Amino acid sequence: MLKAIIGCLCLVICVGQLANAQTQILGFSMPPGIEKVEIPIEIHNNLVVVPVIINNQLPLKFIIDTGVRTAILTEKVYSDILNLSYSRKYTLSGPGGQKLVDAYITSNVTLDMPGIHGEGHSLLVLDEDYLELKNSMGTEVHGILGYELFSRFVVKVDYSNKRLTLMLPGGFHPRKKYDVIPITVEDTKPFVQAKVQISDTTTINGKFLVDSGASHGLLLETLSDPRIVVPTKNIDAILGRGIGGVLRGKIARIRSFTLGKNKTNDLITHFPDDYAYSDSLRKGRFTFRNGSIGGEILSRFTVIFDFPNEKLYLKKNISFKKKYYYNLSGLTVRATGIRLQTYEISDVRDNTTAQRAGLLRGDQIVAINGVSVIGYELNNINDFLNSKPGKKIRVEVKRKGEKIKKTFVLESQI
């Protein structure tokens, strides 16, 4: 699911011009004589999470996001801990001018990753965690890193082995096993050309943002081309969370999607409602596109982003042939509690077996198939609930202090 990431992407589109006001040059660098650094990463909801230390004091976790111009800190409490000063305050508003988000700019920040040092960075600091990233991802996430990293290094993401490799552009020599795809870096973001077959009669060649900070597979924007029409068989769904709340749209399957030499059939695709981005303020800089490619597709490859030479390298991994499913249970689960190990049902999609079984919003999952969820991560919970159609799920929930057992069968509605 997209979860909170659409909100992050569109927010930065609106305030991206703030990066131009920086008085110091952004600078990630490697130690002298080093041309390559490998960093262990975490993968949550198809998103890449790395360790970052701010001002040599505060260890945090950031998402690596090709769709972001300026680094973001998701809660002001962290910058306050460091006594950072703020040069400007911004109030971001939505439709009709109502206030949605307070944000601040802090400058001359150091950002360190294992083997990488960054001087003179500016951060966009959100007043509160409007995006609820940690609840939707099930892990502590404190910020987002984007163009500052991709502009300085060739970035390799090995999703299977959970490794991020940063390389100096001059020392990068790609292997022949990779499919090489041209990209254009426009307004700091990478775009590719790809072919989409929506139905037996409709195929388009379109322009797509490559968005490592979005957990969906493919998103198509109906307003970008009259031929992009939501297939008849679809479901209404929550696609993510923006700065003004949840973003809704439809989920359907398209016939195929071809990127370079790689073709995927029966791909789950998101179609946001026409108004879905209205609270994310696309009034700022916006580069035309027909949609975006997210982590559900990218995670099936080892991916190399070469922004300096405008190339994308793809090599299939063991997940490439895995079938695409969308939320077979109909349940949306969020992690809560101090340790993010309390799993609460935040939404139950209509006309699903989970709804017919009597599960409700607010139910707390305590066991699945007879096994306690203590020690599980949110990824584990979602894997159970989206394993394959026809699988029987026995879930025990706590509701108003009472434990209740429910049984349902996973099914695909599209």
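Computed from a prediction, not measured in an experiment: that's the story for all the values here. Position 1 is the first residue of the sequence; numbering continues from there.
Here P174 pairs with F172, Y313 under the side-chain contact (heavy atoms from CB on, under 4.5 Å) rule; sequence neighbours left out. With sequence neighbours excluded, no residue satisfies side-chain hydrogen bond (donor to acceptor under 3.5 Å, both in side chains) with T258. Not counting sequence neighbours, the partners of D236 by the side-chain hydrogen bond (donor to acceptor under 3.5 Å, both in side chains) test are K250. By the side-chain contact (heavy atoms from CB on, under 4.5 Å) test, I43 pairs with I41, V48, Y159, K162, sequence neighbours left out. Under the side-chain hydrogen bond (donor to acceptor under 3.5 Å, both in side chains) criterion, N317 pairs with S160, sequence neighbours left out. Partners of S224 by side-chain hydrogen bond (donor to acceptor under 3.5 Å, both in side chains), not counting sequence neighbours, listed by chain and number: N290.
When all heavy atoms of I34 and L168 are compared, the closest pair comes out as O-CD1, 3.6 Å. Minimum interatomic distance between F320 and K263 (heavy atoms only, all atoms of both residues): CZ-O, 3.8 Å. In plain terms, the two heavy atoms of I198 and P231 that are nearest each other are CG2-CG, 4.4 Å. The nearest pair of heavy atoms linking S136 to L378 is O-CD2, 3.3 Å. Nearest heavy atom pair, residue P31 against residue G115, reads CD-O, 3.4 Å. Taking each heavy atom of P308 and P169 in turn, the nearest pair found is CG-CG, 3.8 Å.
Between I393 and N369, some side-chain heavy-atom pair lies under the 4.5 Å cut-off. For the pair M30/I116, a side-chain contact is recorded, criterion being any heavy-atom separation below 4.5 Å from C-beta on. Side chains of L133 and I63 form a contact here, defined as non-hydrogen atoms less than 4.5 Å apart. The shortest distance between side-chain heavy atoms of T110 and I54 does not fall below 4.5 Å. Looking only at side-chain heavy atoms (C-beta outward), V395 and F384 stay at 4.5 Å or farther from each other.
Between the side chains of D350 and T352, no donor-acceptor pair is found at a separation under 3.5 Å. For the residue pair Q193/N205, the side-chain donor-acceptor check at 3.5 Å is not satisfied.
Counting only distance, with no hydrogens or angles, the side chain of N386 and the backbone of L328 share a donor-acceptor pair below 3.5 Å.
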key: Step-by-step side-chain contact (heavy atoms from CB on, under 4.5 Å) determination, E221 to I228   = CA-CA 7 Å; E221 300 187 27; I228 299 179; 5.9 Å; no

inquiry  = R289 vs E186, test: salt bridge (charged side-chain N to carboxylate O under 4.0 Å, His left out). Steps then yes/no.
reply    = CA-CA 11 Å; R289 66 211 183 214; E186 303 175 43; over 6 Å; no

ask   = Hey, mind stepping through N262 and K316 against side-chain contact (heavy atoms from CB on, under 4.5 Å) and telling me if it holds?
value = CA-CA 9 Å; N262 309 284; K316 298 175 185 176; 3.2 Å; yes

request  = Please step through side-chain contact (heavy atoms from CB on, under 4.5 Å) for the pair K189 and T287, ending with a clear verdict.
outcome  = CA-CA 9 Å; K189 302 170 186 66; T287 302; over 6 Å; no

Worked verdict on V303 versus L312 for side-chain contact (heavy atoms from CB on, under 4.5 Å) = CA-CA 7 Å; V303 184; L312 178 71; 3.6 Å; yes

request  = Evaluate the criterion salt bridge (charged side-chain N to carboxylate O under 4.0 Å, His left out) for residue pair R163 and E38; output intermediate values, then yes/no.
outcome  = CA-CA 7 Å; R163 304 290 293 181; E38 290 191 357; 3.3 Å; yes

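Ring pair F208/F257: centre-to-centre distance below 6.0 Å.
Relative to the six-membered ring of Y324, R300 meets both conditions, a distance below 6.0 Å and an angle of at most 45° to the axis.
Using cut-offs of 30° and 60° on the angle between ring planes, the pair F150 and F305 is perpendicular. Taking the six-membered ring where the residue is Trp, H270 and H216 present tilted rings, their angle falling between 30° and 60°.
Exactly one residue among D211, L145, I72 makes a side chain to side chain contact (heavy atoms under 4.5 Å, CB included) with D65. That residue is D211. Partner R255 forms a side-chain hydrogen bond (donor to acceptor under 3.5 Å, both in side chains) with one of D266, D200, T203, T202 and no other, that one being D200.
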